[in-house]
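Please read through the structure below; I'll follow up with questions.
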Number of protein chains: 2
Amino acid sequence: MSDRVQGGEDALPVKRIDPAYQQVANQLRALIIDGNLAPGDRLPNEDKLCSRFGVSRNTVREALRILSSDHLIYAVRGAGGGTFVTAPDVLSIQERLQTSLRLLTGSNEIDHDELFEARALLEIPTVRNAARHRTPEDIDRLRQLEARVQHAGNTLERTENSEDFHQAIFEIAGNRVLSIIAPPVWAALTLSWRDQSSPHRWSTIDHDHGRILQCVEAGDEDGAAHAMMAHLRDLHGISQGGDQND
Amino acid sequence: MSDRVQGGEDALPVKRIDPAYQQVANQLRALIIDGNLAPGDRLPNEDKLCSRFGVSRNTVREALRILSSDHLIYAVRGAGGGTFVTAPDVLSIQERLQTSLRLLTGSNEIDHDELFEARALLEIPTVRNAARHRTPEDIDRLRQLEARVQHAGNTLERTENSEDFHQAIFEIAGNRVLSIIAPPVWAALTLSWRDQSSPHRWSTIDHDHGRILQCVEAGDEDGAAHAMMAHLRDLHGISQGGDQND
DNA sequence: CTGTATTTGTCCGTATGTATA
DNA sequence: ATATACATACGGACAAATACA
């Protein structure tokens, strides 16, 4: 997918030569993604990979580093150890997306407004679904998280707990794709907003959380949506969200 | 973020020892993400990194492979070459997100309905914004893309051109965050839907595209939203989208 | 055009740490 | 406790690519 030929004027239909370690990594990656190697499967040990591919141990190891950095494999030392295919895990996916968005904001390829709009777009329909799907247990959980935000000692804790509150709403809404995508957007947003320098007025935020919880508990979709929109504006210092359809 | 201590029962506050190559990679990664090393900057050559970190060249190289797999650096051989910090590029970010979502669908951690809902959530407000922001040039572009879909020779080409049509709508709407996130969701969706086996009825799709274009040109947000919703249902074989608020 | 210096790419051999049997 | 299997780490060497005088 990434190795399409550059469409220049006199582009010959050839691919640029990849280093050996890259080719080894590509082949193994394809095996994993296509399912020929399933999660938990063990790869041949490094010596065998050397002879199979006809490269040195060093080259094989560099290829394995690429795959382990992609969280496709992990290594276990010792007898009976080896290199295994990992089950895909959500946390590492989020971390990588977060890193990417962070770099894009750093180089001004995406800006604050786009991130805010994206967050609102993800979070407002989600809180509607949460208001529709909530169970009494869900409400209990939200109440506990709300309390933890209020009783947190310092700003860092409050921020983390607040993110847990929002994450819980995603989980209640029940869409795991959105649950995965949203937190990296938040993280990039808080980064792009450090020049704002407005110290959080936590009383406002606590009030917002309370109102959101109230609407979700009551099953009031419209109310929850408005409460969430107001909360996001409070969080990110937007006075008028001109483009938002709430 | 990933190196929090596991909260077991008798967990001592210690971190598991990372391999040397991992520590080197972590340090260099932090330097890049925090901006101490900006895109285009050149890292010290491998020998210098060896002496700085006090490890062998092999270890340094494995660390560099990790970072290059994250698309944070790239290597150039020869005199005046070296290892450089890359400018973040959107395509590689999308590819990685796509791989992740693909693996998650493959292991049934996310399902078709969640992907469909996510796509609708991203694409319906987007087409509204496109209907609001469109210029005459935008309409020309959409018309050309629509024609390319219709005149494509085979299914593969039609599919690719159709994705270009949708991508153009995102670009007209003007939110680059959403433009980045949406295509990987599409890709995972088409994968999770291969059992559907319904050969695309392209006439329906052409008709949908035409209606969307018409509404966007007229600036009819509601019409565009409904047309998009109907189109997505046609594409992914959903008869009743119970949870969607269109 | 030719050599020379610089830098990554590749390979080999060996030693060490770690976990299983 | 000993042997075995495996990843990890080291050091040295040469090859290949590129820039520059």
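The chains referred to below are lettered A, B, ... by the order of the sequence lines, with proteins before strands, and numbering in each begins at 1. Values reported hereafter were calculated over all heavy atoms of this structure, with side chains retained and with hydrogens, waters and symmetry mates removed.
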(message) Check this for me, if you would: do B:R96 and A:D70 make a salt bridge, where the nitrogen-to-carboxylate-oxygen distance has to be below 4.0 angstrom?
(response) no
(request) Please state how far atom NZ in B:K48 lies from atom P in C:dT7, giving the value in whole angstrom units. (result) 7 Å
(request) Starting at atom CG of A:N58, determine the distance to atom C1' of D:dG12, rounded to an integer number of angstrom. (result) 12 Å
(request) In whole angstrom, give the distance that lies between atom CZ of A:R42 and atom P of D:dA5. (result) 11 Å
(message) For a quick test of reading the model: is some side-chain N or O of B:T83 closer than 4.0 Å to OP1 or OP2 of C:dT8?
(response) yes
(request) Send over the distance from A:R65 CZ to C:dG9 C1', rounded to a whole Å. (result) 17 Å
(request) Return no unless some side-chain N or O of A:T59 is found under 4.0 Å from OP1 or OP2 of C:dC11. (result) yes
(request) For B:E114 and B:D111, indicate whether the former's side chain and the latter's backbone hold a donor-acceptor pair under 3.5 Å. (result) yes
(message) Nearest 0.5 Å, please: how far is CZ in A:F165 from CZ in A:R143?
(response) 10.5 Å
(message) Please report the interatomic distance CZ(B:R141) to CD1(B:I169), rounded to the nearest 0.5 Å.
(response) 10.0 Å
(request) Return the value, rounded to whole Å, for the distance between atom CG of A:L64 and atom P of D:dC6. (result) 14 Å
(message) Tell me whether the side-chain N/O atoms of B:N45 come closer than 4.0 Å to OP1 or OP2 in C:dT7.
(response) yes
(message) Looking at D:dA19, I'd like to know if its phosphate oxygens (OP1 or OP2) sit under 4.0 Å from a side-chain N or O belonging to B:R77.
(response) no
(message) Quick test of your reading of the model: are B:E109 and A:R176 salt-bridged, counting only N-O distances below 4.0 Å?
(response) no
(message) Using whole Å, what does the distance between atom C1' of nucleotide D:dA9 and atom CZ of A:R57 come to?
(response) 10 Å
(message) Which is more 5' along DNA chain C, the nucleotide nearest A:G54 or the one nearest B:L43? Just name the residue.
(response) B:L43
(message) Whole angstroms only, please: what is the CD1-C1' distance between B:I73 and C:dG9?
(response) 14 Å
(message) How many whole angstroms separate atom CD of A:E62 from atom P of D:dA7?
(response) 16 Å
(message) With a cut-off of less than 4.0 Å, is there a side-chain N or O of B:R61 near OP1 or OP2 of C:dT8?
(response) no
(message) Between B:Y21 and D:dT8, is there a contact of a side-chain N or O with OP1 or OP2 at under 4.0 Å?
(response) yes
(message) Using the side-chain heavy atoms of A:A75, tell me which of these nucleotides is nearest: D:dT8, C:dT20, C:dC11.
(response) D:dT8
